[in-house]
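What follows is a set of notes on a single structure, which appears directly below.
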Amino acid sequence: MTTWWQSGTIYQVYPRSFQDSDGDGVGDLKGIAARLDHLVALGVDAVWLSPIFPSPMADFGYDVADYCDVDPRFGTLADFDALLAAAHDRGLKLLLDFVPNHSSDQHPWFVESRSSRTNPKRDWYIWRDARPDGSPPNNWISDFGGSAWQWEEATGQYYYHAFLKEQPDLNWRNPDVRQAMMDVLRFWLDRGVDGFRIDVLWHMIKHADFPDNPANPAYAPAMGEMHRVLQHHSTDQPEVHGIAAEMRGIADGYAGDRVLIGEIYLPVERLMDYYGLGAPGVHLPFNFQLIDAAWDARSLATMIAEYEAALPAGGWPNWVLGNHDRPRIATRVGEAQARVAAVLLLTLRGTPTIYYGDEIGMTDGAIPANRAVDPRELREPGLGLGRDPVRTPMPWNASAHAGFSTAEPWLPMGEDWPTRNVAAQAADAASMLALNRDLLALRRKHAALAVGNFVLIATVGDVLAYERRLGDERIVVALNLGTSEQQVALPTGEVMLSSVVGPASIGTLRANEAIILRVTG
Ligand code: NOJ
Ligand code: MG
């Protein structure tokens, strides 16, 4: 028996950029509700919303000031309930983004914590004395550059923030913090959400003694300052697995297969621990390897084989091509290979997550310096680390502001929106949208594609080929990762889909062609 989160496909919505309903240029919950039919037509099974909670928006919602409410820019709790009901009516699951590692500095807990050294909430965050010379307690660096320690004059101590100083890290070694945050999970699960994506899960517990992190021998300034040191002591500590197990226990206590997906950027062998050590961990530790992969047949084959081999018994795989933090796939590999990538994502064994807009081949937007708003860009400008380009509004049609809003959007539209939009592609059988719809329809129809076994067949030249098998059903996928025609020996069968327009043939893959073949012989 497989569950919905194994056979299904997840779609990530960045709420600010999906659909604005009230003319403020910022997407909102009513807007998302109005666009659910796009997701039904696409054929996905679940929607994950990046944070919608009240927030000063220093990090666009990843700085939460109240874990149990909705930011007025996005709507109200009633709007959320309506969205959830509308999703469920359409057979769509809805996942929220849980941000447990840090809160906003405006969260009442932190306001109390910083008010005095004796406040009962002092220990809910991570406060340390300065070193004798007044410098920070250790050399840890914020992921957004600069020391991860912020001096607080009023109470004469530093507090720790792995991200912005407006995002103080909670102290997960404090049982009251743990209790309060587990109650947050219950609050939303009771309301009916189908699960959570958990922000920076591997950051949640730090080494108890806060030793210096080792220098990174590979550091170059272009990488961003965070890479000056290796995060050996600030992340991926053994105690984090106890927290994940506790969250899992809560989720599994609810009916309906609620799912927990952990955001974890770690090498594969460490990532696998997040399926659980001893006790079950999260259901799906996000597998971001396709985001960093070298885009050639051999590298992909090796990476896929190693990931499959590393999975623990019962561990269900998952695959991701992009998200709100990383360059879009169409920008990384180009338009033609983005189609090949879509076939790969939706035919590998494991739960796929599609980033909004990738289904129409959106590329990274060009953001003029005076429109940059991402703190990652503003703090270390010009290195290409900023995330605004991957967060541009969804282009729905060719009307003003692409049908996204009646006002100037918070970020500029990608340049090609007049032609690259949902309405135009819905009317074009050769479009990226049509390809994605076809792929998702095939996954629904053929259980071998959704949940079948995976066997790597071969890499020949630029071709990567594998088989998905369930019972008697055998489906072969062959991808040409290159720009020249490739000959490849494949079993006899019927081509069910090609990423390239025009008749496909089994022995010869055209440039940038991916085919899906039902084996008959
Ligand atoms: C990971 C999120 O994906 C990213 O957008 C955010 O800035 C950091 N966590 C901090 O919450
Ligand atoms: Mg709005």
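When a ligand or atom number is given, it counts from 1 through the structure's own listing order. Residue numbers count from 1 along this sequence. This is a predicted model, so every value here is computed, not measured.
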The atom of D22 among N, O or S that is nearest the Mg ion (ligand 2) is OD1

Out of curiosity, is [X] lining ligand 1, as in a heavy atom under 4.0 Å away?
X	answer
R197	yes
R376	no
F144	yes

Which of the atoms of ligand 1 are close to [X], meaning less than 4.0 Å from one of its heavy atoms?
X	result
V200	1 (C), 9 (N)
R387	4 (C), 5 (O), 6 (C), 7 (O)
H324	2 (C), 3 (O), 4 (C), 5 (O)
H102	10 (C), 11 (O)
R391	5 (O)

Answer yes or no as to whether an N/O/S atom of V26 is found below 2.8 Å from the Mg ion (ligand 2).
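V26 does place an N, O or S atom closer than 2.8 Å to the Mg ion (ligand 2).
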
Nearest neighbour in protein (non-hydrogen) for [atom]:
atom	result
atom 1 (C) of ligand 1	D199 OD1, 2.9 Å
atom 6 (C) of ligand 1	D59 OD2, 3.3 Å
atom 3 (O) of ligand 1	D325 OD2, 2.5 Å

Rounded to the nearest 10 degrees, what's the angle OD2 of D28 makes with OD1 of D24 at the Mg ion (ligand 2)? Could you check?
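Vertex at the Mg ion (ligand 2): approximately 170°.
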
State whether a side-chain donor-acceptor pair under 3.5 Å links T392 with W417.
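No, no side-chain donor-acceptor contact under 3.5 Å.
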
Any side-chain donor paired with an acceptor under 3.5 Å for R248 and H283?
yes

Gap separating the OG atom of S234 from the NE2 atom of H207, nearest 0.5 angstrom
11.0 Å

Using modelled atom types only, decide if a donor and an acceptor are shared between the side chain of D199 and the backbone of F98 within a distance under 3.5 Å.
no

Got a donor-acceptor contact below 3.5 angstrom from the D358 side chain to the G361 backbone?
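No: the side chain of D358 does not pair with the backbone of G361.
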
Salt bridge or not for R391 and D325, using N-O below 4.0 Å?
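Counted as a salt bridge, because a side-chain N and a carboxylate O are separated by less than 4.0 Å.
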
D71 bridged to R73 by N-O distance under 4.0 Å:
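Result for this pair is yes, salt bridge flagged.
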
Measure from NZ or CZ of R128 to the centre of the six-membered ring of W149 and say whether it is under 6.0 Å with the direction within 45° of the ring axis.
no

W410 vs F60 aromatic rings, parallel, tilted or perpendicular, using cut-offs 30° and 60°?
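Rings of W410 and F60: tilted, 30 to 60°.
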
Report the part of E263 (side chain from C-beta onward, or backbone N, CA, C, O) that has a heavy atom under 4.0 Å from ligand 1; answer both or neither where that applies.
side chain

